[in-house]
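The structure presented is a predicted model; accordingly, all values stated were derived computationally and were not measured.
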Amino acid sequence: MNFHELKLTERLPSPAGVGLVVLKLSQDESAGMDDLISVISTDPSLTGRLIKLANSSLMTGVREVTTARDAVLRLGLRTTTSVSLGFTLVSGNRSGSCTAFPYDAYWAECLATAAAAGWLATNQGARFVPTPNPAEAFTCGLVTDIGRLALASAHSESYSKLLERSAGMDRATLIGQERELFATDRRQLAGAILRDWKLPEFFALAGEWAFAELDLLQSEPANLQPSARSMLRLMDLARCIGGALLWRLEDGPAAALYHARRVARFVQSMNYSGENLRDFWSQAAAQYKEWSGLMQLEVRAVARLGELSTQAELARNAPSGEGAAAPRPAASPNHPSVAPAKAPPQSATGSAASTPMQSIEEPSAPSPVLQILIVSPEDNLAAEIRAQLAASGHALRQVPDCAQALQAAVASAPQVILCDARLDTARVIALARSLRSSPAQGRMHLVLLAGPERNACVVQAFDAGFDEVLQLPLQAGALPARMRAVARAASLDRELELQRKQSETALAQLAVLARKLELASITDPLTELPNRRHAMDRLRQEFQGARASDKPLSLLMIDIDRFKQVNDTYGHDAGDAVLQGTARVLRRSLRRMDLVCRLGGEEFVVLCPGADAGIGMRIAERLRTAVEGETITYGQTSLRVTISTGVATLQPGDATPEDALRRADKSMYAAKQAGRNRSLALGQAA
């Protein structure tokens, strides 16, 4: 689906309420510290978390802070902005309708990666030049896998089915399945979302490169800004640790081996000793646990390094490499790609919910019940409400103050909140405003229970977002009658919501179909590479980009040597197998930013942005060597082929991209005439 079409459905994850305003403020050059403080102060929950963070061991400070202003001044503008984005993103996307998606496990691994990234930037930043900002590193770690959550949000039913049938599937295969099913994947969506939020470009690049398992020194995008290159390398290492921290013994030896290899990569890159690793592990684990408390997420047990190493060794010694073959068992919530079986509902702390609130019945239910939250320290009032609603079947829960009410509302999403006006007026008003600022809680029915002595706050209550006022003491039958009216409205809302979801599902399916048709029009069906049409469109785009930025661009024209002999000797089916095998080798041997397309017949073209003549020739030789070393199997026949490659680099005198393409074509024919299985650039030594 086209990202802009998907965005219009309003089903993509985004920061909730105040977080969205903070994000926009961060992009407004005229906005200052006072503007940020003013916005944050409207959200008591966010204010409380920032104050807690400012007073935590994660920050330095002697004096305890108690206000939003003090917290922001201690944290700083960049840290406050980044952390506010993270807080509100997590709180607004803790659950969803994708039944097979492990929301809590997903956020736990994101948070572990974020904690590792923040620790690296704070304590080992000198290893990355220039030094990354710790707050941005933390937030980048939290959001780089946002594309996976986006698929669960935008295609909840289809993605749930994909996750359910993906047992034993490794990450790369699952991403391929995502592309096949949705005409996009988690990496593409992550890049598009993070660019749409107008975050720094390295956020989007980190999302697109998440778990690429590539050597960044050889494969990173060309022409990166030093700050982006520094952050990409840091994020690559943080991701090696994020999943490993949360490995569990029940995940099994195969999972341990997967993580042990990633930890070894981290150790080698950081030039760590065993003692260095143990110190880092314990500190990263401590930060993960502290951040989990701040985010109100379940604190998961952290893996023990010794146990991880022992289980990895079992996998290495498994017969026939069984341990190395499977990344991890599908039932593990710490699996890099696969969700666990459907879990019981989760509470605000991540444990199985024990609240008496139950799920709402389907719209067709004859007697819809409500989840009702009573906000009052008075047990007598709560008892009276329970007595009046005893026969109604509504699920009731009581909390004593507005702070707990906000937490319960976020965690359980009741349809009705009955708030005692005898509580502090300012807190009651703040509660209503906080709930109305969030789309997730904005549809709750807010009722103020007020005696005659509290009439003065009624106007303020309506202005803040309360729907109605019921007088205390409650008249017999008044509350049940009002709840019946609310239940009828809730039933209609559910019916409309069901119809909306059905319409969205149909539109999403049509959009995916349209995207698949679009992809089919630019894809060669045999090799699954982009076709000539797409190659020429991209060539013109890259030509214009290279001209505008004064950056190099190299083109490679590739022809399979003696391809006609393959067809004549073994048949056209064997020729098709050779084309498919060669296409696979070319695609996996390129840098991530390069593009290989099939022009037709046995000819391919490769676009290499940012590659000068020397780099272009090295890429050509890497491709030639890879193809030469590949054995292509067709039935009982094993075939080996070679390629001849012509290399051309954009020159100042090129009026059109076709000028460079013609030079590459001439160079390719010169390579064939010179004996084949070689790379040439006319006018340049091979």
Okay, side chain of [X], backbone of [Y]: is any donor-acceptor separation there less than 3.5 Å?
X: N55; Y: V65; answer: yes
X: D279; Y: N276; answer: no
X: R233; Y: F128; answer: no
X: S230; Y: S227; answer: no
X: S160; Y: A100; answer: yes

Mind checking the [atom1]-[atom2] spacing from [X] to [Y]? Nearest 0.5 Å is all I need.
X: R587; Y: L623; atom1: CZ; atom2: CG; result: 13.0 Å
X: R265; Y: I241; atom1: CZ; atom2: CD1; result: 11.0 Å
X: F182; Y: Q177; atom1: CZ; atom2: CD; result: 10.0 Å
X: T80; Y: I37; atom1: OG1; atom2: CD1; result: 8.0 Å
X: M270; Y: C240; atom1: CE; atom2: SG; result: 11.0 Å
X: T113; Y: F138; atom1: OG1; atom2: CZ; result: 10.5 Å

Among residues at least two apart in sequence or on other chains, which ones pass ring-ring contact (aromatic ring centres under 6.0 Å, His included) with [X]?
X: W107; value: none
X: F543; value: none
X: Y103; value: F101

Is the closest basic N to carboxylate O distance between D104 and R300 below 4.0 Å?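 Answer for the salt bridge query: no.
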
Sidechain N-carboxylate O distance under 4.0 Å for R195, E208: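 Yes, this pair counts.
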
Work out which heavy atom in [X] is nearest to a heavy atom in [Y]; give both atom names and the distance.
X: P200; Y: E136; result: CG-OE2, 4.4 Å
X: M235; Y: A117; result: SD-CB, 3.9 Å
X: P13; Y: A150; result: CD-CA, 3.5 Å
X: S158; Y: L181; result: O-CD2, 4.1 Å
X: T144; Y: A190; result: O-CB, 3.7 Å
X: T47; Y: S41; result: OG1-CA, 3.8 Å

So [Y] and [X], do their side chains get closer than 4.5 Å, heavy atoms only?
X: V22; Y: T88; value: no
X: L234; Y: F202; value: no
X: V606; Y: L590; value: yes
X: E109; Y: D145; value: no
X: R171; Y: I175; value: yes
X: T523; Y: P530; value: no
X: R591; Y: C608; value: yes
X: E178; Y: H155; value: no

Qualifying residues under side-chain hydrogen bond (donor to acceptor under 3.5 Å, both in side chains), relative to [X], sequence neighbours excluded:
X: T131; answer: none
X: R179; answer: D185
X: D550; answer: none
X: S554; answer: T649

Quick test of your reading: applying salt bridge (charged side-chain N to carboxylate O under 4.0 Å, His left out), list the pairs with at least one residue in residues 538-548, sequence neighbours left out, ordered by first then second residue.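 Those involving residues 538-548 are D537-R540, R538-E542, R540-E658.
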
Apply side chain to side chain contact (heavy atoms under 4.5 Å, CB included) to residues F280 and F266 and explain how you reach the verdict. CA-CA 11 Å; F280 166 77; F266 171 85; 3.6 Å; yes

Begin with the C-alpha distance, continue with both residues' side-chain angles, and end with the deciding distance and a verdict on side chain to side chain contact (heavy atoms under 4.5 Å, CB included) for H534 and L529. CA-CA 10 Å; H534 185 66; L529 294 178; over 6 Å; no

Tell me, which pairs form a side chain to side chain donor-acceptor pair (under 3.5 Å) where one or both residues lie in residues 117-130, sequence neighbours left out?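 Passing the test, one end in residues 117-130: W119-Q283, Q124-R127.
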
Show me the pairs that pass side chain to side chain donor-acceptor pair (under 3.5 Å) and involve residues 286-295, at least two apart or across chains.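 Of all non-adjacent pairs touching residues 286-295, those that pass side chain to side chain donor-acceptor pair (under 3.5 Å) are S57-E290.
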
With sequence neighbours excluded, residues passing salt bridge (Lys or Arg N to Asp or Glu O under 4.0 Å) with R69: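 Expected list: D34.
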
Can you name the salt bridge (Lys or Arg N to Asp or Glu O under 4.0 Å) partners of E621, sequence neighbours left out?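 Scan of E621 (salt bridge (Lys or Arg N to Asp or Glu O under 4.0 Å), adjacent residues dropped) gives R624.
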
Quick check: are there more than 12 heavy atoms from other residues, nucleotides or ligands sitting under 6.0 Å from CD of E307?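 Above 12, so yes.
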
Please step through side chain to side chain contact (heavy atoms under 4.5 Å, CB included) for the pair L174 and R186, ending with a clear verdict. CA-CA 10 Å; L174 180 56; R186 63 184 71 179; 3.2 Å; yes

In sequence, state the C-alpha distance, the side-chain angles, and the governing distance for I615 and D612, and then conclude on side chain to side chain contact (heavy atoms under 4.5 Å, CB included). CA-CA 5 Å; I615 295 175; D612 58 20; 3.3 Å; yes

Show your reasoning for whether side-chain hydrogen bond (donor to acceptor under 3.5 Å, both in side chains) applies to S38 and D35. CA-CA 5 Å; S38 176; D35 298 305; over 6 Å; no

